[in-house]
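First the proteins, then the strands, lettered A, B, ... as listed; each starts at 1. Treat the numbers as computed from the prediction; the structure is a model and nothing was measured.
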Number of protein chains: 2
Amino acid sequence: MRKIKLLLEYEGTRYHGWQYQPRELSIQEVIEAKLEKITKKKTRLIGSGRTDSGVHAEGQVAHFMTASTMKPREFLKALNSLLPHDIVVKKVEEAKPDFHAQKSATRKTYRYTILNRDYPSALHCRMVHYMMTPLNVGAMRKAARYLVGKKDFKSFQGSGCTARTTVRQIFRLTIAKKDDFITITVDGSGFLKFMVRNIVGTLIEIGWGKWPPEQMQTILKSKNRRIAGPTAPSRGLRLVKVVYGKKSPRKKAKSP
Amino acid sequence: MRKIKLLLEYEGTRYHGWQYQPRELSIQEVIEAKLEKITKKKTRLIGSGRTDSGVHAEGQVAHFMTASTMKPREFLKALNSLLPHDIVVKKVEEAKPDFHAQKSATRKTYRYTILNRDYPSALHCRMVHYMMTPLNVGAMRKAARYLVGKKDFKSFQGSGCTARTTVRQIFRLTIAKKDDFITITVDGSGFLKFMVRNIVGTLIEIGWGKWPPEQMQTILKSKNRRIAGPTAPSRGLRLVKVVYGKKSPRKKAKSP
């Protein structure tokens, strides 16, 4: 049996997230069905982690085991010819036997995009969260600093999350503004359920002035989900990158 | 009666083009229905020109007459709150009585995007034409030079086009490549039905090597649609800008 690694891009709008679910369409299920068609065997696909319903990915990673002798390039072409337009395989590689898409992952980068102006965008509507109320990016950046480091993110944990511990490490959190688009990029060791969207929802409250930036520290210390802001909509979120190998990024990346 | 000018953005995927059609959903019809809802009067919306079924716009311009006393900003908010996500009003202005969205237009810019690499894109699939076969951008640029100027574009005229003359002026035609995206931008006095997509279809044939760049001159001179390349798919095309006022752009814009 060989182990094959996939690099995936998808627009999550039509799907109930990455993970297989009995009565809903998931990305995992769609790709597994195409792998079965190609290899003539039921094939289990393991992702680096779940992405929520409606969340997109530029660089999701997954692996599967197969007895097929097809070359990586042939898998790429066969899968892309069978998959719907909103799921694409960007790269196929032979993986080492000890590689595991979920367990070997050491870092992930997520990006959230907010469109902040007087009118929404028709061309970007599937990929951004639109807000008319002006956001103060400076205040959001100030608040974001409290989140960088190894912390207990219990206040940002979505209900139903089954993680053993709520401690995670955020290596870097940057907020950029270009034209009317605000992008929040979070690079961390791993994330709790809804953690990025709950952080973004809280940053938005600070951005429009409901709370001062220092409130972020109070929220973090409270370890109480009800004190934090609401969960930002899934359409603005994408999984950008999954990193395998070294535990933490370059030194300079540790401060925002 | 006042005359109101709209700047519009839309993703054309779900629509049978700009123009009203008896049994198909058009962009014009959707906006007219919302204007009627807001003003309580049947309102005719005049666009700068038709965009074909599936074609997008970043900067379509339209106007309508109304007895309403609503402010431009109120029209913007009311329309955007009623319109579906894939149609957006970017700007609303009071227009002079002699302004006409179609008749006063002196220039238009269209852009066509081709994604050219080994695998398609899930996040861009609605807005680009994907081609796996490598295209020679240098050859395409060479061919494009024959199209700049005041010429008879009969070879690129779609069937059913009712234009009085097939002479049009292309002020500028540029082909840019960034990462794996090739963008073809055409700036002209006006365009025949399917003209941009037929030009792009012909540039693609030259790009993959079916014809040498000089074939473009032969095609242009033949005034025969059957000699040119096929019509490129609508998903890659967007109307970028409509210009009113001065007839031709700055001098330097005349060569590609």
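The two residues V88(B) and A122(A) come nearest to each other via the heavy atoms CG2-N, 3.5 Å.
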Considering only heavy-atom distances, could you tabulate the donor-acceptor pairs under 3.5 Å between chain A and chain B?
residue, atom, partner, partner atom, Å
E9(A), OE2, S121(B), OG, 2.7
E9(A), OE2, A122(B), N, 2.8
E9(A), OE2, L123(B), N, 3.0
R73(A), NH1, D118(B), OD2, 2.8
D118(A), OD2, R73(B), NH1, 2.8
S121(A), OG, E9(B), OE2, 2.7
A122(A), N, E9(B), OE2, 2.8
L123(A), N, E9(B), OE2, 3.0

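Only the side chain of L76(A) comes within contact range of chain B, judged by heavy atoms closer than 4.5 Å.
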